[in-house]
**Student:** 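One structure, as structure tokens, below. Some questions next.
If you're wondering where the values come from, they're calculated on a predicted model, not measured in any experiment. Basis for what follows: all heavy atoms, side chains included, without hydrogens, waters or symmetry-related copies.
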Amino acid sequence: MPVVAVVTILAMAGLYFWLFIADDLKRDADGLITEAWDASTPGAQIFFAMTEVNIRDKPSTAGSSILGKLPRGSQVTGTIQPGSAPDGPWLKLSDGNGFIARTNMSESRPPVLIKSLNDQSWVADGLIDVWASTLADSNLLDRLREGTQLTLAGTTADNFIEVKLADGRYGYLADATSILKRLGGKPISIGFNLETCAFSGEIGAEFEKIGAQLRAQWQALETKEFANESARQNAYSALEGKSKFIRLRRSFEGLSVTGLAQHYESQSLYFDDSPAKVMDVFRAQGFDIGRNGLFTGTELYAGIAATRGEGAAYGKTELGCGV
């Protein structure tokens, strides 16, 4: 009897397993296979958001709705879908929850930006290396020639600048501190003599060119025949009151030098920076400048102030000197 009972129990257990448990296990296995297939969608890649990006219901900015947003650094998985101009390729999310413009995504997780440069445009002033990341073992992404235009996103804690290249890729420039000083253009030195209002170096050379042009105009007036003395005086007065402006693109100690002007009895140097910033830089050069922006230690007028009138078209701040 005990043997019969054991055999009967085993038979019932086998029947129960076959009817219920085996079927559940098969369904679970099928589910795992389906999930594995979904996770390994052909062409699926991992990407990271380089900015705050929009998730759209269609692979286009036109005629689509925004489903949500991803903050910078977010990781997603998807496949690249072709797109048309001006949007370019799109990333189709593997979970089926929308599309993201590929131009806003990178295959590497972006570092934290400690200062935004607001997509400022900068033209490389020499050969410059673009790295794939800020890590010491980073790959060289590209080597750009002088004159290449870059879009600057921001600076990192380890002294790199994140840039966006013309083809949509993101990269990193080393020595951010040096580059920030050169954003205004070619770095130059500025020598300024308070006693004579004269500038040296490249700025001085530009003023010399203007001076030569003005002297030539005066000489032309002296040899010109006029109908009467009144016409002569009008011609002389017009030249005396006329200012000669030149646009520049130079950088000086982090300042952007944008122009200069020769007036009848004074000279001006223009900057695309605030008066306070320009004052700080020239104070660091050893000049004594009052809170009102006037240089001390000279009998001539010399001061730094916000531009006005015609000079406003050449910069935000003017360093003027004259009588």
**Student:** Show the numbers, then the answer: is there a side-chain hydrogen bond (donor to acceptor under 3.5 Å, both in side chains) between Asp158 and Thr134?
**Tutor:** CA-CA 8 Å; Asp158 47 358; Thr134 64; 3.1 Å; yes

**Student:** Quick one: list whatever passes salt bridge (Lys or Arg N to Asp or Glu O under 4.0 Å) with Asp125, sequence neighbours left out.
**Tutor:**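 Result, salt bridge (Lys or Arg N to Asp or Glu O under 4.0 Å) vs Asp125: Arg182.
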
**Student:** For residues 311-323, please give each side-chain donor-acceptor pair under 3.5 Å, one per line with the distance, not counting sequence neighbours.
**Tutor:**
from: Thr317; atom 1: OG1; to: Asp273; atom 2: O; distance (Å): 2.5
from: Glu318; atom 1: OE2; to: Ser268; atom 2: OG; distance (Å): 2.4

**Student:** On a heavy-atom basis, which atom in Ala305 and which in Pro275 lie closest, and how many Å separate them?
**Tutor:**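 Minimum heavy-atom contact is C-CG, 4.1 Å.
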
**Student:** Applying salt bridge (Lys or Arg N to Asp or Glu O under 4.0 Å), name anything that partners Asp280, two or more places apart in sequence or on another chain.
**Tutor:**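 Only Arg283 meet the salt bridge (Lys or Arg N to Asp or Glu O under 4.0 Å) criterion with Asp280.
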
**Student:** In a table with atom names and distances, give each donor-acceptor pair under 3.5 Å that connects a side chain of residues 286-293 to protein atoms at least two apart or in another chain.
**Tutor:**
from: Asp288; atom 1: OD2; to: Thr296; atom 2: OG1; distance (Å): 2.9
from: Asn292; atom 1: OD1; to: Leu294; atom 2: N; distance (Å): 3.1

**Student:** What pairs meet the salt bridge (Lys or Arg N to Asp or Glu O under 4.0 Å) rule with one or both residues in residues 46-75, with sequence neighbours excluded?
**Tutor:**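 Those involving residues 46-75 are Arg72-Glu162.
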
**Student:** Say you draw a straight line from CD1 of Ile46 to OG of Ser94; how long is it, rounded to the nearest 0.5 Å?
**Tutor:**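 Between atom CD1 of Ile46 and atom OG of Ser94 there are 9.5 Å.
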
**Student:** For Lys115, what residues pass the salt bridge (Lys or Arg N to Asp or Glu O under 4.0 Å) criterion, not counting sequence neighbours?
**Tutor:**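 Scan of Lys115 (salt bridge (Lys or Arg N to Asp or Glu O under 4.0 Å), adjacent residues dropped) gives none.
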
**Student:** Return the set of residues passing ring-ring contact (aromatic ring centres under 6.0 Å, His included) with Phe199 (not counting sequence neighbours), or none when no residue passes.
**Tutor:**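 If we apply the ring-ring contact (aromatic ring centres under 6.0 Å, His included) test to Phe199, skipping adjacent residues, the hits are Phe192, Phe207.
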
**Student:** Sequence neighbours left out, what passes ring-ring contact (aromatic ring centres under 6.0 Å, His included) with Phe252? Give chain and number order.
**Tutor:**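 Expected list: Phe282.
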
**Student:** Identify the heavy atoms of Ala176 and Thr155 that sit nearest to each other, and give their distance.
**Tutor:**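 Closest approach of Ala176 to Thr155, heavy atoms only: CB-CG2, 4.3 Å.
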
**Student:** Please determine which of Val281, Ile190, Ile188 meets the side-chain contact (heavy atoms from CB on, under 4.5 Å) test together with Glu253.
**Tutor:**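 Of Val281, Ile190, Ile188, side-chain contact (heavy atoms from CB on, under 4.5 Å) with Glu253 is met by Val281 alone.
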
**Student:** Do side-chain atoms of Asn118 reach the backbone of Gln120 as a donor and acceptor pair under 3.5 angstrom?
**Tutor:**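 No, the answer is negative, given that no donor and acceptor are paired below the 3.5 Å cut-off.
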
**Student:** Looking at residues at least two apart in the chain, or sitting in another chain, which of them share a side-chain contact (heavy atoms from CB on, under 4.5 Å) with Glu107?
**Tutor:**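 Checked Glu107 against side-chain contact (heavy atoms from CB on, under 4.5 Å); matches are Gln45, Phe47, Arg102.
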
**Student:** Ignoring hydrogens and angles, write down the donor-acceptor pairs under 3.5 Å from the side chains of residues 135-143, residues two or more places apart or on other chains.
**Tutor:**
from: Ser138; atom 1: OG; to: Ala132; atom 2: N; distance (Å): 3.2
from: Ser138; atom 1: OG; to: Ser133; atom 2: N; distance (Å): 2.9
from: Ser138; atom 1: OG; to: Ser133; atom 2: O; distance (Å): 3.3
from: Ser138; atom 1: OG; to: Ser133; atom 2: OG; distance (Å): 3.4
from: Asp142; atom 1: OD2; to: Arg169; atom 2: NH2; distance (Å): 3.3
from: Arg143; atom 1: NE; to: Asp129; atom 2: OD1; distance (Å): 2.5
from: Arg143; atom 1: NH2; to: Asp129; atom 2: OD1; distance (Å): 3.2
from: Arg143; atom 1: NH2; to: Asp129; atom 2: OD2; distance (Å): 3.2

**Student:** Work out which heavy atom in Leu194 is nearest to a heavy atom in Leu300; give both atom names and the distance.
**Tutor:**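 The pair with the smallest heavy-atom distance is O-CD1, 4.0 Å.
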
**Student:** Is any side-chain heavy atom of Val112 less than 4.5 Å from a side-chain heavy atom of Thr156?
**Tutor:**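 Of all side-chain heavy-atom pairs linking Thr156 with Val112, none is under 4.5 Å.
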
**Student:** Test: side-chain hydrogen bond (donor to acceptor under 3.5 Å, both in side chains). Region: residues 200-211. Which pairs qualify, not counting sequence neighbours?
**Tutor:**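 Of all non-adjacent pairs touching residues 200-211, those that pass side-chain hydrogen bond (donor to acceptor under 3.5 Å, both in side chains) are Glu202-Arg250.
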
**Student:** Which pairs, with at least one residue in residues 109-159 and sequence neighbours excluded, count as a ring-ring contact (aromatic ring centres under 6.0 Å, His included)?
**Tutor:**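 Non-adjacent pairs meeting ring-ring contact (aromatic ring centres under 6.0 Å, His included): zero.
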
**Student:** Looking only at heavy atoms, what is the nearest atom pair of Thr79 and Gln81, with distance?
**Tutor:**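 What the structure gives for the nearest pair is OG1-NE2, 3.2 Å.
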
**Student:** Could you tell me whether the side chains of Thr148 and Glu146 share a donor-acceptor contact shorter than 3.5 Å?
**Tutor:**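 Checked: Thr148/Glu146 side chains show no N/O donor-acceptor pair below 3.5 Å.
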
